[in-house]
Amino acid sequence: MAKGKNTIFFCQQCGYESAKWMGQCPACKEWNTFVEEPAAPKTPGRTAAQTSAAKASAAAAEPVALSGVEMSSQSRFTTGIGELDRVLGGGIVPGSLVLVGGDPGIGKSTLLLQVCRNLAEARRKVLYISGEESLQQIKLRARRIGEFSDSLRLLCETNLKSEAKRS
């Protein structure tokens, strides 16, 4: 990025970044998908303490043979959407990560917002993190779905290096 440049351009289709606007993305070959965004401020590197803590954490993890893994009953909680619970093997396993994929506009974000609403209504604390949509876009979708409790928190961030305030 040019010195003193405060904005970057990125492709909305594939995420390719460029210092200048382009008509066609060189990565995905889509036309007119570049948008201008403020450039992320430079962040200092890790401190020695952070580096040693990361090394210690990595050293603590060791591979285990499959036969050495003990099975225990995993408590799952329901999403309130029967078919999704069935696909997830009976509900969501606490601490798990589920990747939901599909074509653009198919309803992934709406489905997950409905799940968040159901979990919040069941008095679970829910954090909805978006790296794509703004808080206002999420609220517009939420209005179409219905009422939400304050157990649902929203966080929108596109810069993985930034430190979000935790509450």
Side-chain angles (χ1 to χ4, degrees), residues 6-18 25 27-28 30-44 46 50 53-54 57-58 60-61 64 66 69-167:
N6 294 328
T7 60
I8 59 168
F9 295 86
F10 76 94
C11 174
Q12 290 179 307
Q13 200 67 28
C14 71
Y16 180 88
E17 290 185 13
S18 171
C25 176
C28 67
E30 292 291 325
W31 286 95
N32 299 319
T33 57
F34 275 84
V35 293
E36 186 174 14
E37 288 277 324
K42 298 272 186 195
T43 55
R46 289 184 170 186
Q50 289 171 325
S57 175
V64 177
L66 186 58
V69 176
E70 292 189 28
M71 292 300 294
S72 62
S73 174
Q74 289 286 326
S75 61
R76 295 172 183 260
F77 49 90
T78 178
T79 64
I81 301 174
E83 187 66 12
L84 180 58
D85 287 339
R86 186 188 69 75
V87 169
L88 293 173
I92 299 173
V93 176
S96 67
L97 176 71
V98 178
L99 176 64
V100 177
D103 292 332
I106 203 165
K108 300 176 297 292
S109 296
T110 302
L111 173 68
L112 294 176
L113 196 55
Q114 288 171 329
V115 168
C116 290
R117 177 179 182 236
N118 293 347
L119 294 173
E121 283 179 355
R123 299 183 190 264
R124 295 199 175 269
K125 290 183 179 179
V126 180
L127 176 60
Y128 184 104
I129 302 174
S130 175
E132 185 177 29
E133 296 179 307
S134 69
L135 292 171
Q136 293 78 15
Q137 288 173 305
I138 295 169
K139 185 163 185 169
L140 285 171
R141 178 179 291 109
R143 282 184 180 162
R144 292 191 304 265
I145 294 171
E147 293 294 318
F148 281 76
S149 78
D150 283 338
S151 295
L152 173 65
R153 301 296 216 175
L154 304 175
L155 175 66
C156 296
E157 183 60 64
T158 57
N159 180 3
L160 293 177
K161 292 181 181 179
S162 72
E163 295 181 27
K165 180 183 174 186
R166 296 173 193 211
S167 55

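Model, not experiment: these values are computed from the prediction. Counting from 1, the numbers follow the sequence of the chain as shown. Hydrogens, waters and symmetry mates play no part in the numbers below; they use all other heavy atoms, side chains included.
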What are the two closest heavy atoms between [X] and [Y], and how far apart are they?
{"X": "Cys116", "Y": "Leu152", "answer": "CB-CD1, 3.8 Å"}
{"X": "Ser75", "Y": "Pro94", "answer": "O-CD, 2.8 Å"}
{"X": "Val100", "Y": "Lys108", "answer": "O-CD, 3.9 Å"}
{"X": "Gln137", "Y": "Glu133", "answer": "OE1-CA, 3.1 Å"}
{"X": "Tyr16", "Y": "Ala27", "answer": "CD1-CB, 3.8 Å"}

Residue pair [X] / [Y], side-chain heavy-atom distance below 4.5 Å:
{"X": "Arg141", "Y": "Thr110", "answer": "yes"}
{"X": "Leu113", "Y": "Tyr128", "answer": "yes"}
{"X": "Asn6", "Y": "Pro38", "answer": "no"}

For this session: Indicate whether any N or O donor in one side chain lies under 3.5 Å from an N or O acceptor in the other, for Ser151 and Arg124.
Result: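 Looking only at side-chain atoms, Arg124 and Ser151 do not form any donor-acceptor pair under 3.5 Å.
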For this session: For Thr33 and Gln12, test the side chains for any donor-to-acceptor distance below 3.5 angstrom and give the result as yes or no.
Result: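 The answer is no; no qualifying pair exists.
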For this session: Could you please spell out the steps behind the side chain to side chain contact (heavy atoms under 4.5 Å, CB included) verdict for Ile145 and Arg117?
Result: CA-CA 9 Å; Ile145 294 171; Arg117 177 179 182 236; 3.7 Å; yes
For this session: Only counting residues at least two apart or in another chain, list the ones meeting side-chain hydrogen bond (donor to acceptor under 3.5 Å, both in side chains) with Thr79.
Result: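 Thr79 satisfies side-chain hydrogen bond (donor to acceptor under 3.5 Å, both in side chains) with Asp85 once adjacent residues are dropped.
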Atom pair [atom1] ([X]) and [atom2] ([Y]), whose distance is rounded to the nearest 0.5 Å:
{"X": "Ile138", "Y": "Leu155", "atom1": "CD1", "atom2": "CG", "value": "9.0 Å"}
{"X": "Leu154", "Y": "Ser130", "atom1": "CG", "atom2": "OG", "value": "9.0 Å"}
{"X": "Arg76", "Y": "Ser96", "atom1": "CZ", "atom2": "OG", "value": "7.5 Å"}
{"X": "Lys125", "Y": "Asp150", "atom1": "NZ", "atom2": "CG", "value": "12.5 Å"}
{"X": "Arg144", "Y": "Gln114", "atom1": "CZ", "atom2": "CD", "value": "10.5 Å"}
{"X": "Leu127", "Y": "Leu119", "atom1": "CG", "atom2": "CG", "value": "12.5 Å"}

Problem set entry | Worked check of side chain to side chain contact (heavy atoms under 4.5 Å, CB included) between Val35 and Phe10 | CA-CA 6 Å; Val35 293; Phe10 76 94; 3.5 Å; yes
Exercise. Going through the checks in order, is the side chain to side chain contact (heavy atoms under 4.5 Å, CB included) test met by Cys25 and Phe9?
Worked result: CA-CA 11 Å; Cys25 176; Phe9 295 86; over 6 Å; no
